[in-house]
Peer 1: 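Mind looking over this structure? Questions follow.
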2 protein chains.
Amino acid sequence: MRDSHDEVRAILAEYIQSNGLKNTRQRDVILETFLAASGHTTIEELLFAVQKVNKAVGYATVYRTLKLFVDAGIASERKFGDGQTQYEIAKVDEHHDHLICRKCGKIFEFEDDIIERQQEIIAAQFGLKLTHHRMTLWGEPVDGNSCC
Amino acid sequence: MRDSHDEVRAILAEYIQSNGLKNTRQRDVILETFLAASGHTTIEELLFAVQKVNKAVGYATVYRTLKLFVDAGIASERKFGDGQTQYEIAKVDEHHDHLICRKCGKIFEFEDDIIERQQEIIAAQFGLKLTHHRMTLWGEPVDGNSCC
DNA sequence: ATACCTGCAAACTGTTTGCACGCGC
DNA sequence: GCGCGTGCAAACAGTTTGCAGGTAT
């Protein structure tokens, strides 16, 4: 955990340095908050958490910083169609999809080779080479076997 | 083609009647435009097409009418994360996913039992019963075997 | 000192809603 | 005539951007 976060910090530091950007208090706080959330977070959630440390930070800075994170390759955007964009820590060379509990909203990540392979077959049937995909499942807890 | 559209018209007429709603010129035009598009359409595209027939129609009416179509069960909303909501003709008891060509933007529909079954297995592994899902694939044409 | 960065507010996009008038039944 | 529908504009939510002043290097 520790070292994976350290790796993320290092990637960002390197990106900032080599692009002539600057380290700032705000970016530090937002990064730590983002890492602490360690899952799927929205701008709003991040902003509120960040404001507990630094009251003056506004939406614009969080938006701009998250965009920076995406550019630096440490975050990726997800749009589940519920309005707000979700951000998660980008793990290089790891792809996963999502399963969302409709009751508690919890988001699970998974990866499935059978599906991935099947997707390539489907794309090929239409004469296309699969570049990427997005798959989201929604489910409800079966009684007595709840996730929440 | 003809009869499938007629069926849609009938469903809407029935819905309008049994809910004390009214037939209007605008709804007719929007419905016919929607059917003619017969694929994935945005509010904007619909509006422009509708305005060729009736210049006065505004966004609000198209939005409200498409919402009516969704309520009536003849249209369904799709959010691909590119900003605008897409609408397509709802086919009862038929589910499909989408494959989008990154070059020409063409949207293909497909259905795959292997994937559907696998999705249920995955949900079950997390203690959830799959309620619905969304899957979108993006691909590029392989040279000489283009879709566009 | 020179960029870059920040905070604020204003702009923007896609969508929804309040209201006065119009029209279907 | 009653009530739903329409068109317009204003309101919204999420996000982006311009600007004046602040700060890291």
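Numbers restart at 1 for each chain; the letters A, B, ... are given by sequence-line order, proteins then strands. Hydrogens, waters and symmetry mates are skipped; everything else that's a heavy atom, side chains included, is used.
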Peer 1: I need a per-nucleotide contact map over nucleotides 8-19 of chain D, read 5' to 3'. Cutoff is protein heavy atoms under 4.0 Å; write B for the base, S for backbone only, - otherwise.
Peer 2: B-----SBBBB-
Peer 1: Just jot down the ring pair (Phe, Tyr, Trp, His ring centres under 6.0 Å) partners of B/F80, sequence neighbours excluded, or say none.
Peer 2: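 If we apply the ring pair (Phe, Tyr, Trp, His ring centres under 6.0 Å) test to B/F80, skipping adjacent residues, the hits are B/H98.
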Peer 1: What integer distance in Å separates A/F69:CZ from C/dC5:P?
Peer 2: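 Those two atoms, CZ and P, are 12 Å apart.
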Peer 1: Side chains of residues 69-77 of chain B: which donor-acceptor partners sit under 3.5 Å, not counting sequence neighbours?
Peer 2:
none

Peer 1: Charged N to carboxylate O below 4.0 Å: is that the case for B/D6 and B/R9?
Peer 2: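 Looking at B/R9 together with B/D6, the answer is yes, because their closest N to O distance falls below 4.0 Å.
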Peer 1: Please identify each residue that fulfils ring pair (Phe, Tyr, Trp, His ring centres under 6.0 Å) with A/H133, with sequence neighbours left out.
Peer 2: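 Ring pair (Phe, Tyr, Trp, His ring centres under 6.0 Å) check on A/H133 returns A/H95.
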Peer 1: Could you tell me whether A/E140 and B/K129 make a salt bridge, using a distance below 4.0 angstrom between a side-chain N and a carboxylate O?
Peer 2: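 A salt bridge is absent here (no side-chain N lies under 4.0 Å from a carboxylate O).
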Peer 1: Nearest-Å distance, CG (B/L66) to P (C/dT15)?
Peer 2: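 About 10 Å, once rounded to whole Å.
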Peer 1: OH of B/Y15 versus P of D/dC4: gap in Å, rounded?
Peer 2: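 Distance check: B/Y15 OH to D/dC4 P gives 13 Å.
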Peer 1: What are the two closest non-hydrogen atoms of B/I107 and B/H40, and how far apart are they?
Peer 2: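 That closest heavy-atom pairing would be CG2-CE1, 3.6 Å.
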Peer 1: Kindly state which residues belonging to residues 18-29 of chain B come within less than 4.0 angstrom of DNA chain C, counting heavy atoms of the residue only, listed by number.
Peer 2: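 Under 4.0 Å from DNA chain C: B/K22, B/N23, B/R25.
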Peer 1: Would you say the side-chain atoms of A/T131 pair up with the backbone N or O of B/W138, donor to acceptor, closer than 3.5 Å?
Peer 2: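 Checked: pair present.
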Peer 1: According to the ring pair (Phe, Tyr, Trp, His ring centres under 6.0 Å) rule, which pairs have a member within residues 103-124 of chain B, sequence neighbours left out?
Peer 2: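 Qualifying pairs, neighbours excluded: A/F126-B/F108.
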Peer 1: In whole Å, I'd like the distance from the CD atom of B/E45 to the P atom of C/dG14.
Peer 2: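 After rounding, the gap between these two atoms is 12 Å.
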